[in-house]
Amino acid sequence: MFLIHCPICNEPRSEDEFHCAGEGHIQRPLDPMATSDKEWGDYLFFRSNPRGTYRELWQHTIGCRKYFYIKRNTETYQIYKTYKLDDKSERVALDKEHSNKNKFGDLL
Amino acid sequence: MKQINRVRQNRSSKDFACSRIDFSQPIHFSFNGKEYTGVLGDTIASALLANGIDVVGRSFKYGRPRGIVTAGSDEPNAILQLGNCEATQVPNVRATQQLIFEGLECHSTSGWPSTRFHLMGIFGALFARFLPPGFYYKTFMAPAKWWKYYEKWIRKGAGLGRSPNRADEDIYEVINQHADVLIVGAGAAGLSAALGASRMGARVILADEQNEFGGSLLSSNIKINDRCTRDWIDAVVAELINYESQGQLLLLKHATVNGYHDHNFLTIHERCTDHLKDKAAQNEVRQRYHRVRAKQVILATGALERPLVFANNDLPGCMLASAISTYINRYQVIPGNTLVVMTANDSGYIAAIDWHNAGRRVAAVVDTRKSHASELSKQVKALGITIIYQSAVIEARRKRLNSRVCSAVIMSMDSTGDAVKGVKKLFCVTL
Amino acid sequence: MLHLSCHTGGRPIWSDALCAFLADDFNKEMQCVGAANGQYALDKIIEESVIAGINAAKLSGNENHDFSSNVNKELDILKPKVETYLASKAQAIFHIPHAKATFMAPKQFVDFQLDVTAAGIELAVAEGFESIEHVKRYTALGFGTDQGKISNINGMAIVAKKLKQSIAETGTTIFRPNYTPVTFDAIAGRNVNSFFDVERYTPLHREHIKLGALFEDVGQWKRPWYYPDDNETMNEAVARECLAVRSGVGLLDASTLGKIDIQGKDAREFLNRVYTNAWSKLPVGRCRYGLMCGEDGMVFDDGVTACLAENHFIMTTTTGGAAHVYQWLEIWHQTEWPELDVYFTTVTDQWATMTISGPKARFLLAKMTDIDLNPESFKFMDWREADVVGVPSRIFRISFTGEQSYEINVPANYAVVVWEKLLEYGQEFELTPYGTGTMHVLRAEKGFIIVGQDTDGSVTPADLNMGWAVAKNKPFSFIGQRGMNREDCLREDRKQLVGLKTKHPNQVLPEGAQIILQPNQPIPMKMVGHVTSSYFSAALGHSIAMAVVKNGINKLGDSVYLPLDNGETVEANICSPIFYDPEGAKQNV
Amino acid sequence: MKKYSAFSLFKHGLNHHQDWQRVWRNPTPKKHYDIIIVGGGGHGLATAYYLAKEFGITNVAVIEKGYLGGGNTARNTTIVRSNYLWDESSHLYEHSLKLWESLSQELNYNVMFSQRGVLNLGHTLQDMRDIQRRVNANRLNGIDGEILDPQQIKEIVPYMDCSANRRYPVLGASWQPRGGVARHDAVAWGFARGASELGVDLIQQCQVTGFEIKNGMVTGVKTDSYGLISAAKVGCVVAGNSGVVASMAGLRLPIESHPLQAFVSEPIKPILDTVVMSNHVHGYISQSDKGDLVIGSGIDHYNGYGQRGSYPIIEHAVAAILELFPNFSRVRMNRQWGGIVDTCPDACPIISKTPIKNLYFNCGWGTGGFKATPGSGHVFAASLAKDEMHELAKPFSLDRFYHGSLIDEHGAAGVAH
């Protein structure tokens with residue numbers, strides 16, 4: 001069972017106090033009505049689901065009720081760090097990872 | 001019934017200075033409907049062995065008679081049904097872990113019509129060769145719709161004990177704990193680590209599955225500062241209790257650390273009243289589960305002895321050497337008359353010494369290794385015990401279908417340990 | 001004994017020197033000492049363990065203590081003299097060969113509890129079960145209650161020998177919790193029987209018990225289901241309660257509905273984005289019904305929101321959906337639109353809600369408060385602050401029954417007083433308390449949906465024929481707008497909400513009955529929908545049902561068939577789901 | 001292949017079981033196959049078996065990174081049933097259930113499929129409406145199902161507490177008599193034995209590390225132990241790893257992998273002869289032929305590949321079982337474990353072509369994979385063989401996540417997603 005450091009409360013608390021809200025850093029299209037069915041489906045349902053490093057959105061439900069990000073390993077369950085929503089540093093790192101990967105992305 | 005295998009000496013006697021039982025408090029319990037007497041501090045296993053009970057169960061597939069093999073949580077055979085009313089039935093209790101209390105009722109979980117005379121045993125003896133592993137995958141396929149009847153028959157053999165069919169009235173409790181250091185096991189290592197950490201001011205939890213702290217020291221005749229292990233244990237525990245009284249330490253007996261989850265979250269299963277009574281008193285907690293978040297964990301869980309695999313090694317009377325030492329030193333029980341020890345390391349010698357010192361005969365120590373002159377082997381030789389090197393017990397034998405082991409077939413081995421040659425036969429009752 | 005070190009993913013490493021497995025360094029916050037670490041000499045064990053204890057204490061933040069200051073130097077029990085002997089090296093032998101080949105020799109047991117023999121393991125390997133996991137699963141090695149404590153290594157050794165590989169290559173199976181078996185109830189602790197899950201009561205729970213109510217589980221709530229008089233069946237009680245509301249006045253405890261207080265200068269904009277309809281022009285003092293959809297365009301909650309002040313609203317949600325909606329608002333605000341100046345807090349427990357409904361509701365309310373109840377000034381969908389029998393209240397003139405209806409919201413602590421007064425003043429109007437059973441019938445007579453009963457997560461507002469609740473021209477693309485415009489959501493033959501009238505007016509269709517167009521077709525039949533809500537309407541004197549039917553909105557008047565599980569096939573006609581007072585006149589009176 | 005029977009067992013017994021044949025061959029892979037199946041679990045082995053048996057395509061390899069049947073096939077609670085809500089899924093699962101009913105004979109391997117019946121309990125009025133709706137749909141789809149009241153449930157499960165004084169009393173249940181349990185490992189071994197006999201190469205301890213893709217078309221797989229193995233078509237059936245394998249081809253899937261936990265009690269004498277599932281209190285339970293109570297719980301709410309899960313889930317599942325069976329209070333939990341389930345947003349699988357030609361995926365079975373093993377293998381084999389999706393598989397294509405034609409089976413899936 002995870003021990004999670006809530007970056008808002010600034011305290012380590014047990015997993016029971018938190019709720020996971022799925023993959024983090026998913027960008028909602030700025031103009032949804034302008035998207036194609038495919039683009040909208042990608043945003044809505046398709047996930048990276050990696051084995052390894054993952055950035056996830058969590059809420060401190062029995063606590064401050066704030067959402068924040070956890071960067072952790074989905075295989076070892078090690079938590080690398082937790083950070084607030086306005087921390088953009090991981091967003092930058094993530095974009096880099098993506099640009100290396102999505103060779104066939106446009107086929108979908 | 002008399003406790004025929006009990007060595008009746010007091011704690012003050014030199015040889016049993018480590019004994020943890022109290023002769024002044026006899027305790028009555030029943031096993032398979034028969035009354036027996038043990039003493040305070042006995043487990044069901046030690047009390048049954050004291051009373052000369054060999055067969056405690058039947059094997060699952062072949063119905064072979066089985067006896068007590070170990071003295072701890074690794075016991076595979078002595079699995080009993082506990083409880084004296086419907087709501088307090090507990091299936092699958094290890095006789096080696098359950099202390100006896102006045103009025104305890106227990107039963108073997110297998111055997112029909114009785115554990116001693118078991119029909120499956122005869123069936124098993126006749127048909128065992130047709131029941132290789134996975135045999136059910138290879139048969140019972142035709143005709144297709146008969147499977148449900150086959151399955152009914154297979155299911156009849158399923159399970160060890162039985163579930164109660166009434167709801168339990170006892171109270172159970174879950175409690176959250178936080179610790180700087182959680183120490184699992186309170187033998188010499190665990191106790192030492194606990195003192196080390198406590199003296200540093202850490203918040204410590206020390207949990208041990210046994211009813212007393214000390215671990216394997218409780219069964220050992222080794223001397224610490226020329227005194228028996230009990231004195232050392234008592235001194236350490238006294239200091240630990242001092243830390244406990246200051247709220248810095250939590251000592252848990254009857255408490256097994258069962259699960260190790262992510263981020264050093266561990267669960268401890270503490271049995272508060274199981275060793276005292278069938279059913280807890282009103283408002284009394286029967287068992288408590290501790291959910292512990294520990295910054296550091298120290299595993300001081302000791303080691304388990306590994307049995308050697310040989311023919312008919314399951315006959316009642318075949319036991320682990322460490323278990324023999326435990327029964328002798330801790331419970332003053334000698335589970336048999338004559339002993340043959342087979343070993344691949346030095347620990348078997350200790351059992352032979354303990355057995356000899358308890359006043360019964362050791363026929364031989366059979367060492368799979370080449371002859372050597374370790375200190376222990378010298379001690380054993382000095383006691384007049386035969387050592388047979390580079391040999392092994394290849395087979396245990398019995399007289400009748402349901403009797404315990406009565407002899408061991410010993411052969412010498414080649415240097416690789418892969419083949420045997422020559423025959424030598426020895427008689428014994430415990431192996 | 002490394003069982004525990006494996007539970008979180010550690011994999012033991014075989015040591016040939018010690019003939020034993022040792023823990024890997026998977027977990028940096030864990031260490032093994034003593035025999036578990038391959039140390040067997042007692043003096044070494046004590047020394048090593050003390051150091052481990054000190055280190056663990058330091059690593060856990062106790063580095064400032066001085067170990068020696070706590071030690072009585074005279075008698076350091078941690079540095080004892082122990083008689084030791086030099087152990088000779090152990091031999092790595094596991095399986096003692098017999099004079100006969102293993103398969104011919106008497107049985108050599110490896111796992112006693114499951115009667116796994118050396119011959120059995122060798123046979124399994126010979127049959128091709130070479131992975132240690134395969135051997136374990138095929139022979140049941142280590143499956144017993146001892147989890148292979150004394151058998152696993154021997155089993156592995158026999159497999160290794162047979163395959164002519166090392167024990168390290170053979171590897172281990174994975175240890176799982178528990179080390180020894182744990183009593184179920186010890187794990188559950190006190191969370192059994194009535195504590196299995198929290199029971200939530202409204203402030204009026206005891207009053208309902210006094211009135212002999214039976215309760216329905218809705219989420220964690222206990223809601224009054226119906227209030228039977230002596231010997232009354234449920235159907236009789238519900239019929240009586242329904243008629244009382246339609247002809248006089250009824251009283252419902254609606255406190256379980258979720259209530260979220262929303263404030264801030266962007267509150268309207270926020271509502272615009274989370275609801276499908278428009279909120280920009282709702283004046284202070286008015287209420288509006290809203291539908292909430294997911295990003296996929298499917299309805300997931302509904303409720304009435306009142307404008308308390310220009311920047312202040314109170315939103316109601318369904319009873320079961322309250323927690324989810326609250327979380328939904330939070331995630332959108334915090335992650336997507338943090339720039340919106342809006343704050344919300346859940347106030348479900350702070351307010352008790354009592355609904356009086358029926359043609360005599362106003363007469364009753366007039367006895368309890370001095371505010372102007374004139375329907376010209378306190379109109380349908382208005383709300384007013386009021387003093388009700390001395391209690392500061394908010395009265396919402398909204399209706400889930402189709403009758404003239406007032407929802408009286410009072411601080412929870414005053415609920416009982418107001419309830420008692422309502423019963424007292426209500427006597428002359430034969431005020432009848434009613435429960436969820438009656439509420440369901442009354443709303444179905446009006447064709448009002450219950451989210452979760454008439455919808456199932458695959459229904460859009462258009463499917464409910466509630467396109468009127470979807471604003472087409474809001475500047476911001478509200479949640480669900482894009483989803484409900486996907487190809488499949490625009491199909492004509494989607495399942496749509498309609499009413500059903502059975503041929504026989506007394507026949508009440510079972511909820512969940514499936515609908516077909518052609519009777520007498522073979523199985524598998526082509527199903528076009530199902531009944532979502534179905535009751536006998538005492539007010540109308542016939543049964544009513546709501547259903548979803550493919551392209552149903554265009555099939556008004558058509559016959560459909562419902563094959564029931566008793567073998568009977570019932571015919572019904574598609575109709576509007578609004579059975580009672582379709583003009584909505586009564587709620588406006 | 002020597003046939004298994006009571007007689008062969010007897011004959012080998014006389015001979016002390018010296019000369020049983022290997023169950024499957026241990027071949028070195030060829031350079032090229034017509035079809036490569038990535039993943040040697042139940043579904044993958046079934047696919048290979050049906051490819052060879054029904055479609056005569058035997059130049060097939062199954063590539064497994066660990067041991068056969070070592071993924072979720074080895075880690076589930078073995079429940080088999082077909083009482084799903086929507087036509088699309090109930091037809092698919094019913095197809096599978098029909099194959100189950102003759103699977104032991106088909107494979108000459110006893111998979112111990114035991115049709116002891118499955119109960120899905122209802123605890124609220126809405127549960128009962130949902131049960132009505134589902135059972136009615138099942139009946140009209142030709143799937144057996146009944147609705148039982150608490151009295152009838154009591155007759156089937158005498159020790160379940162059906163009284164009204166529970167926190168969530170049992171109001172009724174749906175009952176599928178043809179449902180049941182099977183011996184999970186045997187299913188994989190039976191399909192493996194059958195496939196191997198028909199010429200399929202089963203390659204264990206060989207990990208696929210990538211795909212060779214030319215002009216948008218897959219032409220082979222890269223492996224760690226044997227390098228490149230070329231193939232005309234590749235089918236991926238890698239539950240618990242779908243996202244990872246898809247990403248090797250540059251694809252994303254609408255899938256998230258979560259731990260799903262289960263545990264067994266110590267073996268006890270038979271006391272529960274049927275499968276009992278409850279969505280509302282959130283637990284499901286059956287008793288194996290060995291006597292263990294096999295209990296499943298809900299899935300973890302976060303992604304994980306650790307084959308272990310969050311402890312509170314276990315606590316809740318135990319409490320749920322005690323809510324149904326207070327008499328199990330003193331029974332003890334022996335072992336717990338976790339599988340990795342690939343969950344789709346609509347709790348239905350994906351059996352689909354992908355944007356890469358000749359690359360097929362069969363995944364996303366969530367908690368429902370085991371029961372589908374033969375059916376999934378069969379329709380996937382047909383699709384691979386004919387290059388056109390099988391009728392039953394068509395609704396489960398990836399396209400549905402774009403069009404919006406989802407098949408929401410959360411209610412019938414048995415475990416909240």
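Side-chain atoms are counted along with the backbone in the values below, which use heavy atoms only and exclude waters and symmetry mates. In what follows, chains carry the letters A, B, and so on, assigned in the order in which the sequence lines appear, proteins first and then strands, with residues in each chain numbered from 1.
Applying the side chain to side chain donor-acceptor pair (under 3.5 Å) criterion to C:Q113, with sequence neighbours excluded, gives C:T145.
The contact between C:I187 and chain B is made by backbone and side chain atoms together, counting heavy-atom distances below 4.5 Å. Heavy-atom distances place the backbone of C:A188, and not its side chain, under 4.5 Å from chain B. In this structure, chain C has a heavy atom under 4.5 Å from the side chain of B:I171, while its backbone stays farther away. Heavy atoms closer than 4.5 Å to chain C are found in the backbone of B:E305, but not in its side chain. Heavy atoms of C:N27 lying under 4.5 Å from chain B belong exclusively to its side chain. For B:L191, no part lies near chain C; criterion is any non-hydrogen pair under 4.5 Å. Proximity to chain C (any heavy atom under 4.5 Å) is restricted, for B:T256, to the side chain, taken from C-beta onward. Neither the backbone nor the side chain of B:R288 has a heavy atom closer than 4.5 Å to any heavy atom of chain C. Of the atoms belonging to B:I175, not a single heavy atom falls under 4.5 Å from chain C. For B:V90, no part lies under 4.5 angstrom from a heavy atom of chain C. Within the 4.5 angstrom heavy-atom criterion, only side-chain atoms of C:E127, from C-beta onward, approach chain B. With a 4.5 Å cut-off on non-hydrogen atoms, B:V204 does not touch chain C at all. Contacts between B:E75 and chain C at a heavy-atom distance below 4.5 Å involve the backbone alone (N, CA, C, O). For chain B, the nearby part of C:R137 is the backbone; its heavy atoms alone come within less than 4.5 Å. Neither the backbone nor the side chain of B:F265 has a heavy atom closer than 4.5 Å to any heavy atom of chain C. With a 4.5 angstrom heavy-atom cutoff, C:L123 touches chain B only via side-chain atoms. Heavy-atom distances place the side chain of C:Y40, and not its backbone, under 4.5 Å from chain B. For C:I150, the parts lying near chain B are the backbone and the side chain together; criterion is any non-hydrogen pair under 4.5 Å.
When the candidates B:A179, B:S192, B:G134 are compared by the number of heavy-atom contacts under 4.5 Å with chain C, B:S192 comes out ahead. Comparing C:A56, C:C19, C:P177, C:A57 by heavy-atom pairs within less than 4.5 Å of chain B, the highest count is held by C:A56. Top candidate by heavy-atom pairs under 4.5 Å with chain C, chosen from B:D74, B:V236, B:N313, is B:N313. Most heavy-atom pairs under 4.5 Å with chain B: of the set C:V82, C:T183, C:I153, this distinction falls to C:T183. For the set B:V174, B:T70, B:V285, B:I79, the entry with the most heavy-atom pairs within less than 4.5 Å of chain C is B:V174. In terms of heavy-atom pairs under 4.5 Å with chain B, the best-connected choice from C:I121, C:T102, C:I45, C:I54 is C:I54. When each of C:G34, C:A90, C:G38 is scored by its heavy-atom pairs under 4.5 Å with chain B, the top score falls to C:A90. For the set B:N345, B:L266, B:N225, the entry with the most heavy-atom pairs within less than 4.5 Å of chain C is B:N225. For the set C:R176, C:K89, C:Q108, C:E63, the entry with the most heavy-atom pairs within less than 4.5 Å of chain B is C:Q108. For the set C:A124, C:A23, C:G120, the entry with the most heavy-atom pairs within less than 4.5 Å of chain B is C:G120. In terms of non-hydrogen atom pairs under 4.5 Å with chain C, the most contact-rich of B:D226, B:V69, B:L182, B:I183 is B:D226.
In this pair, C:F94 and C:W14 present their aromatic rings tilted. The plane angle is within the 30 to 60° band.
Between the side chain of C:D111 and the backbone N or O of C:L141 there is no donor-acceptor pair closer than 3.5 Å. Judged by distance alone, the side chain of C:N154 and the main-chain N or O of B:P307 form a donor-acceptor pair under 3.5 Å. No donor-acceptor pair under 3.5 Å is formed between the side chain of B:Q296 and the backbone N or O of C:Q31. Here the side chain of B:K223 pairs a donor or acceptor atom with the backbone of B:N221 at under 3.5 angstrom.
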Under the side-chain contact (heavy atoms from CB on, under 4.5 Å) criterion, do B:N264 and B:K295 qualify, and how do the steps go? CA-CA 7 Å; B:N264 271 3; B:K295 290 184 184 154; over 6 Å; no
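Side-chain contact check for C:D146 versus C:F112: every heavy-atom pair is 4.5 Å or farther apart.
Contact residues of residues 189-198 of chain C toward chain B are C:G189, C:R190 (heavy-atom distance under 4.5 Å).
We find the CD-CG distance between C:Q39 and C:L18 to be 9.0 Å, quoted to the nearest 0.5 Å.
In terms of heavy-atom proximity, B:S73 sits nearest to C:T180 at CB-CG2, 3.7 Å. B:G72 and B:R94 get closest at one heavy-atom pair: O-CD, 4.1 Å. For the pair C:C6 and C:F175, the tightest heavy-atom approach, listed with the atom from each and the gap, is SG-CD1, 3.8 Å.
A side-chain N or O of B:H372 and one of B:D367 form a donor-acceptor pair less than 3.5 Å apart. Judged purely by distance below 3.5 Å, without hydrogens or angles, the side chains of B:N77 and B:R64 never pair a donor atom with an acceptor atom. Checking B:T267 against B:Y289 by side-chain atom types alone, a donor-acceptor pair falls below 3.5 Å.
Checked for salt-bridge contact, B:R66 and C:D115 meet the test: a charged N lies under 4.0 Å from a carboxylate O.
Applying the 6.0 Å contact sphere to CZ of B:R286 captures more than 12 heavy atoms from other residues, nucleotides or ligands.
The cationic atom of C:K149 (NZ for Lys, CZ for Arg) lies less than 6.0 Å from the six-membered ring centre of C:Y179 and within 45° of the ring axis.
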